[in-house]
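Right, one structure below, let's go through it.
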Amino acid sequence: MDTRKEIFLKDYKQPDYYFDTVDLTFSLGEEQTVVSSNITVYPRLEGAAASSPPPPLVLDGVNLKLVSIKIDGKELQKEDYHLDARHLTLLSPPDTARFTLQIVTEIYPQKNTSLDGLYKSSGNFVTQCEAEGFRKITYYQDRPDIMAKYTCRVEGDKTLYPVLLSNGNLVEQGDLEGGKHYAVWEDPHKKPCYLFALVAGNLQSRDDSFVTRSGRKVALRIWTPAKDVPKTVHAMYTLKAAMKWDEDVFGLEYDLDLFNIVAVPDFNMGAMENKSLNIFNSVLVLASPETASDANYAAILRVIGHEYFHNWTGNRVTCRDWFQLSLKEGLTVFRDQEFSSDMGSRAVQRIQDVLTLRELQFPQDAGPIAHPVRPHSYIKMDNFYTPTVYRKGAEVVRMYKTLLGSQGFRRGMDLYFKRHDGQAVTCEDFYAAMRDANNADFANFLLWYSQAGTPTVKVTSFYNSEAKTYSLKFSQELPPTPGQALKEPMLIPVAVGLLGSNGKDMPLTSVYHDGMLQVVSTDGKPAYTTVLQIKKKEEEFLFSDISERPVPSLLRGYSAPIRLDSDLTDADLCFLLAHDSDEFNRWEAGQVLARNMMLSLVADFQQNKPLALKADFVHGVRSLLSDGSLDKEFIAKAIDLPGVGEIMDMMDIADPDAVHAVRSFIRKHLATELKAEFLKTVENNRSSEPYVFDHSNMSRRSLKNIALSYLTSLEDAQITELALNEYKTATNMTDQFAALTALVQYPGKTRDDVLADFYGKWKHDFLVVNKWFGLQAVSDIPGNVENVRKLLKHPAFDLRNPNKVRSLIGRFRESPVNFHAKDGSGYKFLGEIVLQLDKINPKGAARMVSAFSRWRRYDETRQTLAKAQLEMIVSTNGISENVFEIASKSLAA
């Protein structure tokens, strides 16, 4: 029997019953764990409004052994309830104002490889309850709009599990007979069950404290195995920085006296924001200069900030239902992006966020699993923790700030918390707070939540030299997506500046639009950037008193998640690259030039024409390298070419081999022409000083290492020696791994030797070994699928560990040459792995199978080979709902 049921947003109904208090007791055992729950239940409707007899109470439960069930202390008989594989239904609950439900279940955490619910990881008990993991712990209404106050008593062996943690405050602890002990935790704040957490294990903590702005002292503890405590310095620094930032920027103070973080090696997610007990994947907590790169340090900063910020945007105010997931995730991603911007370079952070959006979310928006920021339906909720919900969701939040300004956005946030603290709410509630706090007109804006696909905005310009006016005409087009053939125009904020021939911003005083003259100056002072609101399919805006034909700087700061199609010439783009005061648009101008050039060269390659690089492009890169006034990390981003995926996304039929060949040609040509400049860049940006993670040092390393990467594309013996020297003398993982990455681009003895040397050095550190796996997996060397197959048998690899799977299998999918190999070997390999992984961890398997989702983008040969794997997966008996949903939608499109 096929039990896969599609759940729809339109079918949402309020629960018939709510829970007031939940008292849990866990008796942790080596064979099984006994969970006792004591729940106070009350009906949604009372008195005359209540139905008679009262409706059944349906509880969710998966892989549970029911030991006993009582209501108000009285044992239920078999005829009083119905039990199946997914639900426990109380057929005739009491017709009272409230009653107590007592349930005892038995669970088997040691056998739980899904890493959902309560499971055993490296000797420790750990929970993961979002989205629907709590139903694997006890029978419960496992939905986010059931908010209750929890107490949790944990009992376990004192030697094996000296640390017993749960949410809230520790109110009691002591010893028990038989070498056991207990701890009782009480959380004073109401929460949904997805935020419940428990950890029991042999852990030690780094302790610190933070004094809130109201003077309350909060104890901070980061728990890890004893050997890893020294690697938590950066994590603790970040946590304190995040707490202060949330107070300074949003006026939000932490609300308990204790905040715990636990790092575990086996975790499906990056981290989880459980109230006061955040559980993290080790890779996002542990860092030392010797073992973690700048990218790792930056990721720890971002994710620890993200999970802490959830305390208000997710915990204090949560989602009514899972369709509203972006209400907490999109909003909190926006907040972590702003935090990272304030802790580093705002321009570089914006560039990185947009790169990630284009690399991960744009392809999803253009494929068979495209869905709106608020999906309309799902089979398995785990599949909707997607770049669309998170990344595009963050862009939707950013548009509120663009439209309202910083102060208006803060007013909206303040009203949101004032109205909804302690509630489970919807995206409309957030929208209403932003609108009402600012008396704003947001016509068409809610469509961003309900329409899938990336809008394309076309812009044409016209300068009237006699009237001294300049017009911009916009048209928006939203492509059809599965289930949504026709789309309505949306409110799209486009931030615009105009540059004069001197390269300076032109003052803007007013703009004529839709029969009205709108003043854009503030306090009588001219503006240099104004936000135009595109609300209709076609719009025109007219600027007056424009003394010469300007060059428009369009979509400054990337003010909306769209594809922009403008009439800017190459000369205009070169001018913007040299002069735009908006650093994002400076970078973007260079990227547009590079994308256009790469597409042109791909066409030449496909027609067997000789490849040639324009001299002005080489000159542009040379100018960037020698511009001492620019931020070094900005230069590094500006000289990096668009990725293969981004270029393939712009082609009618994606050709990974052609795009890879063109990108390799450009890199080698630039390295040849600019060898002296790249060598000088490496030389000038070396440092023997101790590692410091700050913007200036990170920028210097970033520029040095991209220069080294370009140079090694020359396959020159002297350059190889230079890179080997960089590898051997590196004093930190950032520089060592960058040199290693540069050296392993091409097969041969040097590659084999340096990979063996790196593994020999770091085989004792599982996080560094994961980097080693990932580097080999993503390689574009010919026939790499066989190397990856061999690595599956490596003693350090374990298919049960999500980090290792992401490092090896996940990174392999990112090699366009080998995953999309013309002989289908990459597809076959992934198809086999998906079926193996699905038996262990369906959530992880679903993430892997999504790589097939855009199979129709490729040539007929590749389409046939990829489709065969999807058909094989879908027709396999017993595949999970997670994998079935992604694979079947991919096939159906």
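Heavy atoms from other residues, nucleotides or ligands lying under 6.0 Å from NZ of K668 number more than 12. Open room surrounds NZ on K614; 12 or fewer heavy atoms of other groups in view lie less than 6.0 Å from it. Within 6.0 Å of atom CD in Q607, more than 12 heavy atoms from other residues, nucleotides or ligands are found, so the atom counts as buried in its surroundings.
Salt bridge K637/D640: absent, no basic N to carboxylate O contact under 4.0 Å. A salt bridge links R811 with E814: the closest approach of a Lys/Arg side-chain nitrogen to an acidic carboxylate oxygen falls below 4.0 angstrom. Checked for salt-bridge contact, K828 and E832 meet the test: a charged N lies under 4.0 Å from a carboxylate O. A salt bridge is absent between K728 and D757; no separation between the charged side-chain nitrogens and carboxylate oxygens falls under 4.0 Å.
Checking each of R595, R563, R358 against D649 for a salt bridge (charged side-chain N to carboxylate O under 4.0 Å, His left out) leaves exactly one that passes, namely R563.
Using cut-offs of 30° and 60° for the angle between ring planes, the F758 and Y727 rings count as tilted.
Within the structure, side-chain hydrogen bond (donor to acceptor under 3.5 Å, both in side chains) contacts touching residues 292-302 (residues at least two apart or in different chains) are S293-N296, D294-Y691, D294-R701, D294-T734, N296-K771. Residue pairs meeting the ring-ring contact (aromatic ring centres under 6.0 Å, His included) criterion with at least one partner in residues 661-681, sequence neighbours excluded, are F665-H669, F678-Y710. Pairs passing the ring-ring contact (aromatic ring centres under 6.0 Å, His included) check and including a residue from residues 597-631, sequence neighbours excluded, do not occur.
Residues meeting the ring pair (Phe, Tyr, Trp, His ring centres under 6.0 Å) test with F362, sequence neighbours left out: none. By the side-chain hydrogen bond (donor to acceptor under 3.5 Å, both in side chains) test, R586 pairs with no residue at all, sequence neighbours left out. Residues satisfying the side-chain hydrogen bond (donor to acceptor under 3.5 Å, both in side chains) test with D365, not counting sequence neighbours, are Q361, K392, T454.
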